Trainee: 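The structure under discussion is supplied below as structure tokens; questions concerning it will follow.
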Amino acid sequence: MNKFEQLGLNESLLKAILDLGFENPSEVQEKAIPLLLEKDTDMVALAQTGTGKTAAFGFPLIQKIDADNRNTQALVLSPTRELCLQITNELKNYSKYEKGINVVAVYGGASITEQAREIKRGAQIIVATPGRMQDMINRGLVNIKNIDYCILDEADEMLNMGFYEDIVSILSDTPDQKNTWLFSATMPQEVARIAKQFMSEPVEITVGAKNSGSATVSHEFYLVNARDRYEALKRLADANPDIFSVVFCRTKRDTQAVAEKLIEDGYSAAALHGDLSQAQRDGVMKSFRGRQIQMLVATDVAARGIDVDNITHVVNYQLPDEIETYNHRSGRTGRAGKLGTSIVIVTKSELRKISSIERIIKQKFEEKSIPSGIEICEIQLLHLANKIKDTEVDHEIDNYLPAINNVLEGLSKEELIKKMVSVEFNRFIAYYKKNRDISSQAGERRERSDSEPREFNNNGAVRYFVNIGSRDNFDWMTLKDYLKETLDLGRDDVFKVDVKEGFSFFNTDPEHTEKVMEVLNNVQLEGRRINVEISKNDGGGRRDHNGRSGGGRSSGGPRREGGGSFGPRREGSGGGGFRSDRNSAPREGGFRSDRNSSAPKREGGFRSSAPRSEGGSDRAPRRSESFGDSPRPRRPRRD
Ligand code: ADP
Ligand code: MG
């Protein structure tokens, strides 16, 4: 016997619950449902967002409604149109095997006469926003004088939004002997006041600690300089390729600006704020729900009541003015038992706010640093590999395979993998190579080096690219010896030698750089000029780099511009110029068109159809010891 059956719910509801896929009642449901079914009582139920409050009142409500009576018997007040529609929809789902129950949603921004008409046809349950409800009452379009149940859902948010007066006025239009059920995540004074004023001896249910943040949400902050906020946001998104998030800004203007920038930079983002028309907001929410939008940039007001499952991250692009608001924000993630992360991008001057929030949520923040370019590249690389692995093959493709095989003929599996991965990976590596890292607790900002791409290899060593490799009968030992001899360097002066087929990498300390460049660039090997360059590279193999002088654009083949095969690009343009250097040699020229201090363009491949993991597997993998050499499949053997 499943646990829902023990709560006293009838057959038709149990059947609907089966369809919904709920296996066990949540805690608030387990506590509230039997009480509400058994007795006619007022109730105050406090439970975090995402704990299933809708069903906690919805199931008993449906069961208690008299379906044969067409009069309005229940009013559910909820803060936003969004929630209003959602609750209506849920109630319809709950009652789908119960004949004759009609639920009507009443909210602003839609035709009031149409809503009135629907009610007239017989609606036992009205789900309404306070503003529109008040409007309807004023115009005499609705009669709630005989209702049996009034539910105040998300009461704290309603009051937060300034609906106190409306609520009071609406409640005074209802009969005294009705039952009032108040559901809320928190119990601020105003909610307590409503409860005291309009409820009689309510049973109180509390799930989890009052006022504390949901245990399924972990809180992190990233300290950055104010001007790096946006860059930090992008990096966090890049470091979480499957991010599905709400990004909170303080003002409508910032919201719009951040969303626009993200879109421009190729992310699937959208803005949600009060200056949008209702139709626009609906469109945005639909895309967000459908997961065509990965980052919903929103104001607090617009995001109230956003109730979308599986949000992986809440990002506080800016902290809210009122610290209490933080709770509402972070409650958008970690719902229904899923894990979520609430991120704060914070500047030094705001740091003390973090401690205040910690006191309120009774949870500690973890301080983290913005991932470095190398880490992001590695994450993206692994992500891409996984994505390829998980991609389901649509057999429509079979028709094209002969032609494709023709094109790719002669490539080894290894080469093919490199190339495939490079298609998408190159833009990240190209971007992050020339952008400094931005963690701020590391002290002062590093010198900007716009003209000079930042070296990836740390420890102060310089990494070089040289156009000789195994094809020239070198392995790492012999190349090392050759370099030492040619450059007249000591035993350990050349290190991390990594030999590829047509080219190699090696390191020296910076003091030898001048010599390396001078000498090696003037040496010939079997009649061929050696070409050495300081590598902007991290770990070879990703370029089509045959290294032949004058070459560089070797076997890359006719790729589509913007060539990602992993999802349709969002914008037809955009990526082109940015990617054009991806097949060229890593010489200075390759970086000339530094128009792009903007983000690496992303594929728009984030679609509802894409196989998405539920979060866990996409956590950032640990950065490996030396990314500089890590994608190398194997060390050259010494024999
Ligand atoms: P709240 O109002 O407390 O914020 P909701 O009622 O909106 O939470 O529920 C959050 C999510 O959890 C919804 O997607 C809902 O379908 C789901 N849910 C609710 N109850 C259960 C349950 N018993 N088992 C599984 N999922 C549930
Ligand atoms: Mg709710």
Side-chain angles (χ1 to χ4, degrees), residues 42-45 53-54 57-58 61-62 64-65 69-92 95 101-184 190-191 193-195 197-199 274 278 281-282 285 301-302 304-307:
D42 285 2
M43 173 180 280
V44 172
K53 293 193 289 292
T54 315
F57 67 76
L61 182 64
I62 297 292
K64 289 186 129 179
I65 289 294
N69 176 349
R70 312 277 285 176
N71 293 334
T72 300
Q73 298 163 46
L75 171 67
V76 180
L77 288 178
S78 97
T80 63
R81 165 198 165 102
E82 259 296 311
L83 267 181
C84 194
L85 286 166
Q86 216 166 109
I87 294 166
T88 306
N89 194 35
E90 294 255 313
L91 293 180
K92 284 180 176 165
S95 62
I101 290 198
N102 291 314
V103 188
V104 170
V106 164
Y107 48 85
S111 158
I112 196 167
T113 44
E114 179 51 37
Q115 289 169 355
R117 204 171 303 140
E118 276 190 70
I119 291 171
K120 244 197 181 125
R121 272 188 235 127
Q124 292 95 341
I125 304 174
I126 294 174
V127 184
T129 53
R132 173 54 67 96
M133 192 62 203
Q134 183 60 58
D135 222 11
M136 291 200 113
I137 293 170
N138 291 345
R139 298 203 206 177
L141 296 172
V142 65
N143 176 8
I144 50 170
K145 291 201 164 11
N146 298 308
I147 59 171
D148 301 311
Y149 309 99
C150 180
I151 291 118
L152 305 174
D153 189 31
E154 314 284 356
D156 51 355
E157 299 222 357
M158 276 199 288
L159 294 167
N160 242 330
M161 291 176 72
F163 282 133
Y164 182 83
E165 313 262 292
D166 284 318
I167 292 171
V168 168
S169 157
I170 292 166
L171 287 178
S172 47
D173 219 41
T174 59
D176 284 343
Q177 66 275 17
K178 69 175 183 306
N179 287 142
T180 305
W181 306 342
L182 183 153
F183 284 78
S184 189
E190 274 188 316
V191 176
R193 188 145 60 114
I194 291 268
Q197 220 174 325
F198 291 94
M199 300 171 79
Q278 195 59 60
R281 290 170 57 163
D282 287 349
M285 281 314 296
V301 173
R304 286 243 163 85
I306 285 183
D307 187 3

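As the structure is a prediction and not an experimental result, all values here were calculated from the model.
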Trainee: Indicate yes or no: at least one non-hydrogen side-chain atom of Thr80 is less than 4.5 angstrom from one of Tyr107.
Mentor: no
Trainee: To check you understand the geometry: which heavy-atom pair defines the closest contact between Trp181 and Tyr149, and what is its length?
Mentor: CZ2-CD2, 3.7 Å
Trainee: Taking all atoms of both residues into account, what is the closest heavy-atom pair of Ala105 and Cys84, and its distance?
Mentor: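 Ala105 and Cys84 have their closest heavy atoms at CB-SG, 4.3 Å.
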Trainee: What's the verdict on side chain to side chain contact (heavy atoms under 4.5 Å, CB included) for Ile151 and Ile87, showing C-alpha distance, side-chain angles and the deciding distance?
Mentor: CA-CA 12 Å; Ile151 291 118; Ile87 294 166; over 6 Å; no
Trainee: Taking Thr72 for its side chain and Ala123 for its backbone only, find out whether a donor-acceptor pair lies under 3.5 Å.
Mentor: yes
Trainee: Once rounded to the nearest 0.5 Å, what's the spacing between atom CG of Leu182 and atom CE of Met199?
Mentor: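 So the CG of Leu182 and the CE of Met199 are separated by 5.0 Å.
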Trainee: Are any non-hydrogen side-chain atoms of Val142 and Val106 less than 4.5 angstrom apart?
Mentor: no
Trainee: Glu157 and Pro79: which non-hydrogen atoms are nearest, and at how many Å?
Mentor: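 It is CB-CG, 4.0 Å.
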Trainee: I'd like to know if Arg121 pairs up with Glu118 as an ion pair, taking the criterion as any Lys NZ or Arg NE/NH1/NH2 lying under 4.0 Å from an Asp or Glu carboxylate oxygen.
Mentor: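 No salt bridge links Arg121 with Glu118.
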Trainee: If you apply the rule side chain to side chain contact (heavy atoms under 4.5 Å, CB included), what do you find for Arg117 with Lys120, and how did you get there?
Mentor: CA-CA 5 Å; Arg117 204 171 303 140; Lys120 244 197 181 125; 5.5 Å; no
Trainee: Can you tell me how far apart CD1 (Ile144) and SG (Cys150) are? Round to the nearest 0.5 Å.
Mentor: 7.5 Å
Trainee: As an exercise, state the distance from CG of Asn69 to CG of Asn146, rounded to the nearest 0.5 Å.
Mentor: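 Atom-to-atom, Asn69:CG and Asn146:CG are 9.5 Å apart.
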Trainee: Can you pull out every side-chain hydrogen bond (donor to acceptor under 3.5 Å, both in side chains) where at least one residue sits in residues 161-170? Sequence neighbours excluded, please.
Mentor: Gln134-Ser169, Tyr164-Arg193, Tyr164-Gln197
Trainee: Answer yes or no: is there a side-chain heavy-atom contact under 4.5 Å between Arg70 and Asn102?
Mentor: yes
Trainee: Going from OG on Ser78 to CZ on Phe163, what distance comes out if it is rounded to the nearest 0.5 angstrom?
Mentor: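 CZ of Phe163 is found 9.0 Å from OG of Ser78.
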Trainee: Thr180: what forms a side chain to side chain donor-acceptor pair (under 3.5 Å) with it, not counting sequence neighbours?
Mentor: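 With sequence neighbours excluded, Thr180 shows a side chain to side chain donor-acceptor pair (under 3.5 Å) to no residue whatsoever.
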Trainee: Do Ile126 and Ile119 come within less than 4.5 Å of each other through their side chains, counting heavy atoms only?
Mentor: yes
Trainee: Return the OG1 to CZ distance between Thr129 and Arg81, rounded to the nearest 0.5 Å.
Mentor: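 That separation rounds to 9.5 Å.
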Trainee: Over all heavy atoms of both residues, which pair between Phe198 and Ser172 is shortest? Give the atoms and the distance, please.
Mentor: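 Between these two residues, the closest heavy atoms are CE2-N, 4.4 Å.
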Trainee: Report yes if the side chains of Ile147 and Pro175 come closer than 4.5 Å at any heavy-atom pair, otherwise no.
Mentor: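 Yes, their side chains come closer than 4.5 Å.
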Trainee: Counting C-beta onward and ignoring hydrogens, is there a side-chain heavy-atom pair between Asp173 and Lys145 closer than 4.5 Å?
Mentor: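 In contact.
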Trainee: What are the two closest non-hydrogen atoms of Pro130 and Met158, and how far apart are they?
Mentor: CG-SD, 3.6 Å
Trainee: Which pair of heavy atoms, one from Asn179 and one from Asp42, lies closest together, and at what distance?
Mentor: CA-OD1, 3.2 Å
Trainee: I want to check something: taking the side chain as every heavy atom from C-beta on, are Leu141 and Gln115 in contact at a cut-off of under 4.5 Å?
Mentor: no
Trainee: Counting neighbours of CG on Asn138 that are heavy atoms of other residues, nucleotides or ligands and sit closer than 6.0 Å, is the number greater than 12?
Mentor: yes
Trainee: Determine yes or no for a side-chain-to-main-chain donor-acceptor pair under 3.5 angstrom, with Arg132 supplying the side chain and Ala110 the backbone.
Mentor: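 It does hold such a pair.
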Trainee: Glu154 versus Lys53: any side-chain heavy-atom pair under 4.5 Å?
Mentor: yes
Trainee: Rounded to the nearest 0.5 Å, how far apart are CD1 of Ile62 and CD1 of Ile101?
Mentor: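 Between atom CD1 of Ile62 and atom CD1 of Ile101 there are 4.5 Å.
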